[in-house]
K.L.:
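Before anything else, here's the structure in question.
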Protein chains: 2
Amino acid sequence: MVKKARTPSRRDEALTREQIIDAAIELLDASGEAGLTLRALSARLATGPGAIYGHIADKSDLLTAACDVLVARTLDEAPPSAAPDATIRALALALFDAIDAHPWIGSALGAAPGRLPMVRILDRVGRQVRALGVPEAAQWRATSALLGYILGIGGQNAANGQLAREQGLDRTDFLDSMAATWAMLDPAEYPFAHAIAAQMREHDDRADFLAGIDLLLAGLAAARRKR
Amino acid sequence: MVKKARTPSRRDEALTREQIIDAAIELLDASGEAGLTLRALSARLATGPGAIYGHIADKSDLLTAACDVLVARTLDEAPPSAAPDATIRALALALFDAIDAHPWIGSALGAAPGRLPMVRILDRVGRQVRALGVPEAAQWRATSALLGYILGIGGQNAANGQLAREQGLDRTDFLDSMAATWAMLDPAEYPFAHAIAAQMREHDDRADFLAGIDLLLAGLAAARRKR
DNA sequence: ACCTGAACACCGTTCAAGT
DNA sequence: ACCTGAACACCGTTCAAGT
């Protein structure tokens, strides 16, 4: 009694919000933030641009939703650990890597303060700050310092990646050309930037990122000892 | 022998890059990043949109240049101090306030890695890191941690400000509505965000920002002691 | 040499018309 | 009820034509 071949009205199944978000992620991963266009999206979904507005409020809503899917996945996959500071390092590193792999997440997070993806991160990091023994009155400060740092570095890294992609260079060549530009700066006006250019070539973004997290954790530990 | 009234060809004086940048800053301050439009800009300068392209490469070049003017001014006006850590605090706070007053600087900085405004900040902060006695091999790490933090918090703050403006709320009402949203979250799924919502209402962004800088400086001091 | 502004190739979003 | 896609009101950018 099963119909072998129902005649579909226009598409086999109704358009869902989830389908739209998945297609948006594919577009964003393939060609960056500029690649997410309502027209490109509707073409990929074999529909008209208007159909999408039945499932999302607007483009920024879609971008935040796409970001949230990846953030939720990233946080879920971060390896848990017994020690809160090790867990914070693992969470931070997982987010760093996710933003590195999908640079558009960086700007999407920056544009969505207080929205769900940010709340997910806040909550996961905040729970570990609490477990670290930071007194309740200082928990907000400590957590938002960690979040600011993670998003700040992540955002810069994402911008580097986007720029490198636009110029068709890989990461190393891109950093090399940046270092070369800095090396040409007037040493009298920009002494530090001029001098540091040499270090740019041999540095490790990921290790430097973690070193900053450790700096913040060390600061928290110092405050705890003083208490 | 001075001509009292030269007949101007079409405008009294030739268009300059500086005029364009100043007009862009006015537009950005008046109506945010969305307010900077080549059409609005050319209307304000009493010319056609094409004329502007003789003086700037493209819109992102213009945004970076506008950002650079404000960053240079901000750094120049930051009160100098004898102690390097006090100078770092002053620089950070000056940048925080500048981004708060001109939220578009936040995203402009994020979009311009390695460009002049970022180099200015890197250099000024880096010189103080050096003066702090951080060993040369660790100077890049320490400086980029500070920069990441400053831009990260600045960016979030800017996003808050932009969002608040779009909703026609002042800062307090905006944070209140955000806290209210968080308070409604499922405490089982988001225990920290749910609990921290109450602290949102009474916190001081500026003081919290500085506390994070102090955390980083404390971490640097701890590393120095261990050396 | 520099400005002018129409024109081009796009956007996000809406909405009458279809099914 | 949901999709369709033409249409609207914009963009950044270019370039022949002017002065």
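Quick caveat: nothing in here was measured; it's all calculated off a predicted structure.
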K.L.:
Could you give me the stems involving DNA chain D, meaning stretches of three or more consecutive Watson-Crick or G-U wobble pairs whose two defining distances are both below 3.5 Å?
P.N.:
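Counting only runs of 3 or more consecutive pairs, the stems involving DNA chain D are C:4-8 with D:12-16, C:12-16 with D:4-8.
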K.L.:
Let's see if you get this right: which residues in residues 52-63 of chain B place a heavy atom under 4.0 Å from DNA chain D?
P.N.:
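By residue number: B/Tyr53, B/Asp58, B/Lys59.
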K.L.:
Which donor-acceptor pairs under 3.5 Å do the side chains of residues 30-41 of chain A make with protein atoms, sequence neighbours left out?
P.N.:
unit_1: A/Ser31; atom_1: OG; unit_2: A/Leu27; atom_2: O; d: 3.4
unit_1: A/Glu33; atom_1: OE1; unit_2: A/Ser107; atom_2: OG; d: 2.8

K.L.:
Rounded to the nearest angstrom, tell me the gap between atom CG in B/Leu41 and atom P in C/dT4.
P.N.:
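Rounded to the whole Å, the gap is 13 Å.
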K.L.:
Let's see if you get this right: which residues in residues 105-115 of chain B place a heavy atom under 4.0 Å from DNA chain C?
P.N.:
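Heavy-atom contacts with DNA chain C come from no residue of residues 105-115 of chain B; none.
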K.L.:
Roughly how far, to the nearest 0.5 Å, is the CG atom of A/Leu175 from the CE atom of A/Met200?
P.N.:
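If I round to the nearest 0.5 Å, the distance is 5.0 Å.
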K.L.:
CG of A/Leu36 versus P of C/dC10: gap in Å, rounded?
P.N.:
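Roughly 17 Å, once rounded to whole Å.
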K.L.:
Could you work out, with side-chain contact (heavy atoms from CB on, under 4.5 Å) as the rule, every residue matching A/Leu95, not counting sequence neighbours?
P.N.:
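A/Leu95: side-chain contact (heavy atoms from CB on, under 4.5 Å) contacts with A/Thr74, A/Leu75, A/Ile121, A/Ile150.
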K.L.:
Can you list everything that forms a side-chain contact (heavy atoms from CB on, under 4.5 Å) with A/His55? Sequence neighbours excluded, please.
P.N.:
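Partners of A/His55 under the side-chain contact (heavy atoms from CB on, under 4.5 Å) test: A/Leu15, A/Arg17, A/Ile20.
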K.L.:
Given atom CG of B/Leu38 and atom P of D/dG12, what is their separation to the nearest angstrom?
P.N.:
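After rounding, the gap between these two atoms is 5 Å.
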K.L.:
Using side-chain hydrogen bond (donor to acceptor under 3.5 Å, both in side chains) as the criterion, list what pairs up with B/Arg127, not counting sequence neighbours.
P.N.:
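Result, side-chain hydrogen bond (donor to acceptor under 3.5 Å, both in side chains) vs B/Arg127: B/Asp123.
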K.L.:
Please give me every residue in residues 27-35 of chain B whose heavy atoms get under 4.0 Å of an atom in DNA chain D, ordered by residue number.
P.N.:
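Within this stretch, nothing sits under 4.0 Å of the strand.
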K.L.:
Between B/Tyr149 (side chain only) and B/Phe209 (backbone N and O only), is there a donor and an acceptor less than 3.5 Å apart?
P.N.:
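Yes; at least one donor-acceptor contact below 3.5 Å.
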K.L.:
Apply side-chain contact (heavy atoms from CB on, under 4.5 Å) to A/Glu18 and list each qualifying residue two or more places apart in sequence or on a separate chain.
P.N.:
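With sequence neighbours excluded, A/Glu18 shows a side-chain contact (heavy atoms from CB on, under 4.5 Å) to A/Thr16, A/Asp22, given in chain and number order.
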K.L.:
Output all residues satisfying side-chain contact (heavy atoms from CB on, under 4.5 Å) with B/Ala207, sequence neighbours left out; order by chain, then residue number.
P.N.:
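Partners of B/Ala207 under the side-chain contact (heavy atoms from CB on, under 4.5 Å) test: A/Arg141, B/Asp204.
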K.L.:
If you draw a 6.0 Å radius around CZ in B/Arg115, do more than 12 non-hydrogen atoms from other residues or ligands fall strictly inside?
P.N.:
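No, because the 6.0 Å sphere around CZ of B/Arg115 holds 12 heavy atoms or fewer from other groups.
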K.L.:
Tell me, with the steps shown, if A/Leu185 and A/Phe192 meet side-chain contact (heavy atoms from CB on, under 4.5 Å).
P.N.:
CA-CA 10 Å; A/Leu185 291 171; A/Phe192 183 79; over 6 Å; no
K.L.:
Using a heavy-atom cut-off of 4.0 Å across all strands, would you classify A/Thr37 as base, sugar-phosphate, or nothing?
P.N.:
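Sugar-phosphate contact only - A/Thr37 comes under 4.0 Å of backbone atoms but never of a base.
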K.L.:
Please report, to 0.1 Å, the donor-acceptor pairs under 3.5 Å made by any side chain of residues 154-164 of chain A, with sequence neighbours excluded.
P.N.:
unit_1: A/Asn157; atom_1: OD1; unit_2: A/Arg171; atom_2: NH2; d: 3.0
unit_1: A/Asn157; atom_1: ND2; unit_2: A/Asp100; atom_2: OD1; d: 3.2

K.L.:
Is there any protein nitrogen or oxygen under 3.5 Å from a nitrogen or oxygen in nucleotides 5-9 of chain C, and what are the pairs?
P.N.:
unit_1: C/dG5; atom_1: O6; unit_2: B/Gly50; atom_2: N; d: 3.3

